[in-house]
Amino acid sequence: MQASICIPTSSTSHSLLKTITNPVLGHSLSSKPCLSLKKRASFTTKAVLSTSKEAVLKDFHERRALKIISGLQNFDKENVASVITAAEQGGATHVDIACDPELVKLAISLTSLPVCVSSVDPAAFPAAVEAGALMVEIGNYDSFYEMGVIFTPEQILNLTKETKRILPSVALSVTVPHTLSLPDQVKLAEMLEQEGVDIIQTEGGNCSNPSQSGVLGLIEKASPTLAAAYSISRAVNIPVMCSSGLSAVTAPMAITAGAAGVGVGSAVNKLNDVVAMIAEVRSISDSLGASTGTSRRASSEEKTLKV
C-alpha cells in the first residue's frame with residue numbers, strides 16, 4: 001500500500017560552527033556567519049552565487065547537459081567515488097550525489113564538475129552547499145517508491161518553497177513524479193516554474209516493464225520519461241532534464257523530445273567497477289555529442305533554406 005511521505009527534521013541543520021572553502025566560488029562560507037559581517041557580505045555573496053548559478057546552468061541552456069547520479073540514499077563512499085570518477089573521465093557535465101557534506105567534500109576532491117546534491121529535506125541543503133555543492137535537487141525518489149512512499153504535488157510545492165526560502169540564490173532542480181498522470185505532471189511543472197525553479201527533472205524508468213530485450217527493450221523502458229520530457233518541455237520556459245531509464249540508445253531521443261539534458265543513474269552506479277562506469281558514461285556522452293551536432297546542423301541548414 002502506498003503512503004505519502006513524512007519529512008523529518010534534519011540533524012545536519014544543527015551542525016557545529018565551521019568554515020569551509022568552496023573551491024568553485026573561491027571564498028569561505030560559514031555555517032553561522034558573524035552577525036556584523038552579514039550585511040557587508042550579503043551583496044558580494046549574492047553576486048558570486050549568481051555568477052556560479054549561471055555557470056552551473058550553462059550546459060542546460062546549451063542543451064547538452066549530462067548529469068550522472070549516484071543515488072539519493074547512496075552513502076557508500078567507495079561507490080560514490082567511482083561514480084564521480086566515471087562522470088569526470090567519461091565526459092559528463094554534472095554529478096549528483098546524496099546530500100551529505102562529507103560526500104560533497106569527497107566529490108570536489110575528485111572532480112571539477114559542478115556537484116548537485118539530492119534530498120527531500122530542505123534543511124539538509126545548506127550544510128552541503130557550504131561544503132561545496134553548487135546545485136540542489138528535490139527528487140530522485142526511486143528509493144522511496146520501493147518503500148511504497150509517494151509524493152503529492154502539494155508536498156513537492158511546499159518543499160520547493162522552503163528550499164527557495166533557505167537558498168534563494170542556489171540553482172534548484174525539482175523532479176516531477178511519474179506517479180502523477182501526464183497532464184498532472186505538466187501542471188505541477190508549470191507551478192514549479194512559477195515558484196522560481198531552475199530545472200524540471202522527469203522520471204519514469206522504474207515504472208516501465210519492457211516486454212522486449214535489446215534495443216526495443218531500452219526504448220520501452222525510456223518511453224515514460226521521454227513522454228514526460230516532450231510534454232513538459234512544451235509547457236515551460238525553463239530547461240527540462242530527462243532522467244530515469246535512459247541509455248546511450250535513448251539519451252539522444254530525450255534531446256530530440258525537447259530535453260535540455262539527461263540524468264543517468266542506475267545504468268552507471270549499478271556497474272561493478274569504475275572502468276565499466278567510465279565506458280558507459282563515455283558511450284552516453286558520445287551519443288549526446290552526435291545528437292547535438294546533428295541538431296545544430298539541421299538548424300543551420302533550415303536557416304540557410306529560409307534565406
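- More than 12 heavy atoms of other residues, nucleotides or ligands lie within 6.0 Å of NZ in K164, so this atom counts as buried by the packing criterion.
- Q155 places a side-chain N or O within donor-acceptor distance of the main-chain N or O of T152, the cut-off being under 3.5 Å.
- Proximity of a side-chain donor or acceptor of S109 to a complementary backbone N or O of L106 within less than 3.5 Å is detected.
- No path of Ile, Leu, Val, Met, Phe, Trp and Tyr side chains, each step under 4.5 Å between heavy atoms, connects V275 with V83, placing them in separate hydrophobic clusters.
- With hydrogens and angles ignored, the 3.5 Å screen pairs a side-chain donor or acceptor of H94 with a backbone N or O of V56.
- At a threshold of 4.0 Å, the pair E62-K58 counts as salt-bridged, since one of the basic side-chain nitrogens sits closer than that to a carboxylate oxygen.
- Considering every non-hydrogen atom in both E203 and D142, the closest pair reads OE1-OD1, 4.1 Å.
- For the pair T175 (side chain) and P177 (backbone), a donor-acceptor distance under 3.5 Å is absent.
- Considering SG of C99 and CG of D121, their distance stands at 8.0 Å, rounded to 0.5 Å.
- Minimum heavy-atom separation, L246 to A222: CD2-CB, 3.9 Å.
- A heavy-atom distance below 4.5 Å is not found between the side chains of V176 and T202.
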Criterion side chain to side chain contact (heavy atoms under 4.5 Å, CB included) on M135 and V170, from CA distance to verdict = CA-CA 6 Å; M135 180 176 171; V170 176; 5.5 Å; no
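- By the rule that hydrophobic residues join a cluster once side-chain heavy atoms approach within less than 4.5 Å of another member, V117 and L113 end up as members of one cluster.
- Heavy atoms only, all atoms of each residue included: L157 and L188 are closest at CG-CD1, 4.0 Å.
- Formation of a donor-acceptor pair under 3.5 Å by the R64 side chain with backbone atoms of L288 is not found in this model.
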Would you check, one step at a time, whether the test side chain to side chain contact (heavy atoms under 4.5 Å, CB included) holds for L134 with V115?
-> CA-CA 6 Å; L134 293 177; V115 176; over 6 Å; no
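- The structure places CD1 of I68 at 11.5 Å from CD1 of I278, a figure rounded to the nearest 0.5 Å.
- Between Y145 and H178, the distance from one ring center to the other falls under 6.0 angstrom.
- One N or O on the side chain of T85 and one on the backbone of A81 form a donor-acceptor pair closer than 3.5 Å.
- Side-chain contact annotation: T225 with S244, donor-acceptor N/O pair under 3.5 Å absent.
- Residues V268 and V274 are members of separate hydrophobic clusters, defined by side-chain heavy-atom contacts under 4.5 angstrom among Ile, Leu, Val, Met, Phe, Trp and Tyr.
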Could you walk me through whether Q201 and N140 pass the side chain to side chain contact (heavy atoms under 4.5 Å, CB included) test, one step at a time?
-> CA-CA 9 Å; Q201 182 167 300; N140 297 325; 3.1 Å; yes
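- At distances below 3.5 Å, at least one donor-acceptor pair connects side-chain atoms of T160 with backbone N or O atoms of I156.
- Between the side chain of T111 and the main chain of I108, no donor-acceptor pair closer than 3.5 Å is present.
- To the nearest 0.5 Å, the span separating CD on E280 from CG on L271 amounts to 6.0 Å.
- Side chains of S283 and D286: a donor-acceptor N/O pair is absent below 3.5 angstrom, by distance only.
- Proximity of a side-chain donor or acceptor of T93 to a complementary backbone N or O of A65 within less than 3.5 Å is not detected.
- Residues that satisfy the salt bridge (Lys or Arg N to Asp or Glu O under 4.0 Å) test with R234, not counting sequence neighbours, are absent from this structure.
- With a 4.5 Å cut-off on side-chain heavy atoms, I138 and F125 count as touching.
- Using a 4.5 Å heavy-atom threshold, the side chains of Y141 and V149 count as separate.
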Decide yes or no on side chain to side chain contact (heavy atoms under 4.5 Å, CB included) for I238 and D198, but give the supporting numbers first.
-> CA-CA 6 Å; I238 55 177; D198 299 292; over 6 Å; no
Carefully, step by step, assess R165 and E162 under the rule salt bridge (Lys or Arg N to Asp or Glu O under 4.0 Å).
-> CA-CA 5 Å; R165 185 188 69 79; E162 179 64 8; 2.7 Å; yes
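- Each of L172, L57, V174, L192 was scored for a side chain to side chain contact (heavy atoms under 4.5 Å, CB included) with I199, with one residue passing: L57.
- Linking Ile, Leu, Val, Met, Phe, Trp and Tyr residues whenever their side-chain heavy atoms come within less than 4.5 Å leaves I232 and L182 in two separate clusters.
- Among residue pairs with one or both ends in residues 66-78, those qualifying as salt bridge (charged side-chain N to carboxylate O under 4.0 Å, His left out) are K67-D96, K67-E137; sequence neighbours excluded.
- For P252 against V249, the heavy-atom pair with the smallest separation is CD-O, 3.7 Å.
- For the atom pair C116 SG and I97 CD1, the distance stands at 9.0 Å (nearest 0.5 Å).
- Taking CG from N74 and CG from L103, the interatomic distance works out to 8.0 Å, rounded to the nearest 0.5 Å.
- Looking at E220 and V215, their side chains never come closer than 4.5 Å, going by heavy atoms from C-beta outward.
- Nearest approach of I284 to A251, heavy atoms of both residues: CG2-CB, 4.0 Å.
- Here the closest non-hydrogen pair linking Q185 and L180 is NE2-O, 3.0 Å.
- Linking Ile, Leu, Val, Met, Phe, Trp and Tyr whenever their side-chain heavy atoms come within less than 4.5 Å leaves F75 and I69 in two separate clusters.
- Taking 4.5 Å as the limit, some side-chain heavy atom of L72 sits within range of a side-chain heavy atom of F144.
- Between the CD1 atom of I200 and the SG atom of C242 there is a distance of 13.0 Å, given to the nearest 0.5 Å.
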